Each structure stands twice: as structure tokens, then as C-alpha cells.
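Please read these numbers as outputs of a predicted model, since none were measured by experiment. Order of the sequence lines sets the chain letters (A, B, ...), proteins ahead of strands, with each chain counted from 1.
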Protein chains: 2
Amino acid sequence: MPDIKHFDPDAVLETVVRLFWREGVARTGIQDVVTATGLNRSSLYATFGGKQELYRAALRRYVEQWSRPAFRQLAEDGRGLPAIAEFFDGLIAVRCSGEYARWGCMVVNAQAGAENGDPEVGALLDHHHEQLRDALHTALTGAAAQGQLAPGADPGSAADVLALLAYGVNLRSRAGADARALKATVATALNALGARPAA
Amino acid sequence: MPDIKHFDPDAVLETVVRLFWREGVARTGIQDVVTATGLNRSSLYATFGGKQELYRAALRRYVEQWSRPAFRQLAEDGRGLPAIAEFFDGLIAVRCSGEYARWGCMVVNAQAGAENGDPEVGALLDHHHEQLRDALHTALTGAAAQGQLAPGADPGSAADVLALLAYGVNLRSRAGADARALKATVATALNALGARPAA
DNA sequence: AGGATCTTGGAATGGTCGTTTCAAGATAGC
DNA sequence: GCTATCTTGAAACGACCATTCCAAGATCCT
């Protein structure tokens, strides 16, 4: 009976993610979405609802597609500090080179851009932070169990430090920070956490 | 011959700083500025120019009034790590309590909000980062001279770490992070940098 | 094939944006 | 007090904003 959609909503949302991620929600108009996706306003509104709903969907997709896999891999990698180093290496690589260079982290961008007021977005930001911290905490607990941490170092506190450090990386990368400099900075932090009495 | 201004441009700019700081430039309309300052559009445009120029002026004033004094005090305090701890304590206090609680840092907000494209704003962000890093570097050099750092720790690299940490504090505070948690996190980082072989 | 039901295209909506314009008001020198 | 020069108030500007509406087109079921 009914007609069927003449486009792939998932592919459209992917395009929308990139728009909001790179430009921010404030600087992206519906006209920009229409132009970038190729579909028209009617289909857009019928499929996703208004702009804010579309932004929320894009933010959810970003977390699902980018943050979650990275967090999962970090938490499931049992090597300890090397796993954390690899996590940051991957982060810096995405942030400073390739297609998404200088785009920063869409979640971090949302956090500072005052683009909220939307309670659902706020909750997502908090949840994202918790997930990051938990993944780091898991990896650091493994590191401690393998004797990779300085004696007396608390994995929980160290996870907090590294989470804030990750935010710093995301922020500075959007401003065009150098990948090598960021890597060196992260290495210094990891080294400090892992420092122990000279044997 | 001419008439004289019927208001104090400096007081007006102070009001504008608070508006842009708290709400962000995207969510603040000229009408909001007019309402908050009490003066009308003609005087606004005649005195400051357009919105972007007004935002730049407000950003400059913020750096001058908030960042610069804090950086100066940090750099001129010769105590080393205690000076850095006090810097972060003051930062967290402003970010989490009092009139400016949950406002974040106006410069950091500008960085993530993608509110640039304006090269002058971009240059200001870079300059701000450099100033923060330099102040931390100076304080850390003093700390190293007093034997407060872990052996082999490089003040330059440590300054990079703490600068990114400060960005993290500014970001999370805007999302409502707890002051005590932030203090504990900073303490962990400082302790890690200062850790040395058990004597 | 017929008809019900959804999608699509494109114009149109009211609202808000930043900015401009211009007459009226205020000041300082003559 | 008169005039030149700036400031102030308030209305008005065109452009863009997110959103809605409706006729036309496409699809599936019977």
C-alpha cells in the first residue's frame, strides 16, 4: 500500500554526523543538511523529526560508531599500559590526520559549545565521560595487577587524570595541535603514572 | 561641539563578556546584548562595530582580566609544585563555585564551539595556550631546581601534560563536575609528576 | 487495474538574525 | 542662542532560520 523510502536513512545519518561533527550544530542549517544529503525537507522531517532530534540521533550514532568501539577495545585489552598507549595513539591519529583531522571529538565539541540545555544531550555527555573513565579504569587495574604502575598509585585516580588528558587532546587537536607533540605529552603522562623507584 | 557618550564602554564590555562567556557566541543574539547592557543598537554598533568584533573584544578582555593575571601569578611564584597546586585550586574554585560556576573557560569554550573561522580568534587561542604552557613551564623549572620533580622528568613535557589537564578541568567543570573530584584528580597528576624513588 | 498510503518536490510560513537608516535629542564652541 | 557634530531611540531592512503544507509521484495490496 504505502510507498517506500527512496533513500537509506542510515547513510543519510552518517552524512549528518559528519556535518554536525565538523561544523557544530549552531553553524549547520537545515539547508546545509538538505544540500549535503541530497534529500529534501519533507523526507528529512518525516524521517528524523526536527533539527534537535536530528542532532541527538547524530550524536548517538557518533558515540556508537566511534567512542564505544574504542572504549570496548581499551577495556578488553589486558596488556595494561601498552593498551592505554595504543588507545591514545589511535585517538591522536584520528584527530590529527586523515579525513577527520582537526574535527575534534563530537562529544567534546558539544560539551564546550554550550549547545546543550537539552537534558538528553547532557545525559549523553555524562554517560560518555563515565564510559571513558571506566574503560581507562579497567585498563589501569590490569596495569596495576601486572606491576606496571608506581607503587601506591590508585587506578581510579589515574583514570580520572587520563580522562581529562583525553579531553585536552581532543580540544587541542581541533585547534590544529601537532600529532607528535600530543604523543610526546601523552607518553610523559603515562610514564609519570608508571614511574617507580629505580630498581 | 560633539555630544559625549552617555554610558561607560568598559562597563558595557564587562557585561558582554559575561554574556558570551556563559551562553556562547552562537546562542547570544544582539537583542540579548541590547537587553543586558541597556543601551541600544545604534550606540552598540557605533562603539564596537558588529557582533564578531564585539565578541573579539570580549574575548580579549576575558584573557586580559582572567587568564593573564593567573598566568602571571603562577610564573612569578617561585615555590614550584605548591605554586602549581595553588593555580589549579584557584582554577577549580572559580569554575565550580561562586558567580561563574559551570561557565567553563571562555577561551576553551571558543575552542570547542567551532565558533571560529575567524583567524584573529584562532590566533588568540594559540597565544593563550602558549602563555599557559609557558607559565607552567616556568613554575616546573623552579620545581625541578628545588628537587621537587621525579628524576629525569622534563619540565617542558610536564608543562604540556598539565596544560592539557587544565583544559580537561575547564571542560568538565562546565558539565558540572564536582570540585573535590577535580582537586583529587589534579593532586594525583601532580603527585605522579613529583613522584621519586622512595628515599 | 484500482485505490489506499506513504514519499517526494518545492513553495510558503512566521520568526529571528545581524545590520542599517534617519529623525530627534544632547552637547560644546562661538 | 545658534549652529555644528556627535549620540540616542526606534523603526525598518533583507537574509536566513527551522518548520509546515499540499499537490504530485511512487509503491504495494487486492
If you measure from OH on B:Tyr55 to CD on B:Glu120, what distance do you get to the nearest 0.5 Å?
11.5 Å

Report yes if a donor N or O on one partner sits less than 3.5 Å from an acceptor N or O on the other, where the partners are the side chain of B:Ser42 and the base of C:dT21; otherwise report no.
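Between C:dT21 and B:Ser42, which were checked side chain against base, a qualifying N/O pair under 3.5 Å is present.
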
Kindly say whether, by distance alone, the side chain of B:Arg41 makes a donor-acceptor pair under 3.5 Å with the base of C:dT20?
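Side chain to base: no pair below 3.5 Å.
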
Interatomic distance, [X] [atom1] vs [N] [atom2] [rounded to whole Å]:
X: B:Phe7; N: D:dT7; atom1: CZ; atom2: C1'; result: 9 Å
X: A:Leu54; N: D:dC17; atom1: CG; atom2: C1'; result: 15 Å
X: A:Asp3; N: D:dT27; atom1: CG; atom2: P; result: 6 Å
X: A:Glu53; N: D:dT19; atom1: CD; atom2: C1'; result: 13 Å
X: B:Gln31; N: D:dA10; atom1: CD; atom2: P; result: 12 Å
X: B:His6; N: C:dA28; atom1: NE2; atom2: C1'; result: 12 Å
X: A:Ile30; N: C:dC17; atom1: CD1; atom2: P; result: 17 Å
X: B:Phe48; N: D:dT8; atom1: CZ; atom2: C1'; result: 15 Å

Look at all strands and tell whether B:Thr28 reaches a base, only sugar-phosphate, or nothing, counting heavy atoms closer than 4.0 Å.
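Contact class for B:Thr28: sugar-phosphate only.
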
How is B:Ile4 classified with respect to the nucleic acid when contacts are heavy atoms under 4.0 Å: base, sugar-phosphate, or nothing?
sugar-phosphate

Select from A:Asn40 and B:Tyr45 the residue whose nearest nucleotide in DNA chain C is closer to the 5' end of that strand.
A:Asn40

Are any of the side-chain nitrogens in [X] or [Y] under 4.0 Å away from the carboxylate oxygens of its partner?
X: B:Asp126; Y: A:Arg172; answer: yes
X: A:Glu76; Y: A:Arg72; answer: yes
X: B:Arg61; Y: B:Asp10; answer: yes

Does B:Pro82 offer a backbone N or O that forms a donor-acceptor pair with the side chain of B:Gln148 under 3.5 Å?
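Answer holds: no.
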
Assuming nearest nucleotide by heavy-atom distance, tell me which of A:Gly29 and B:Gly38 is located more 5' along DNA chain D.
B:Gly38

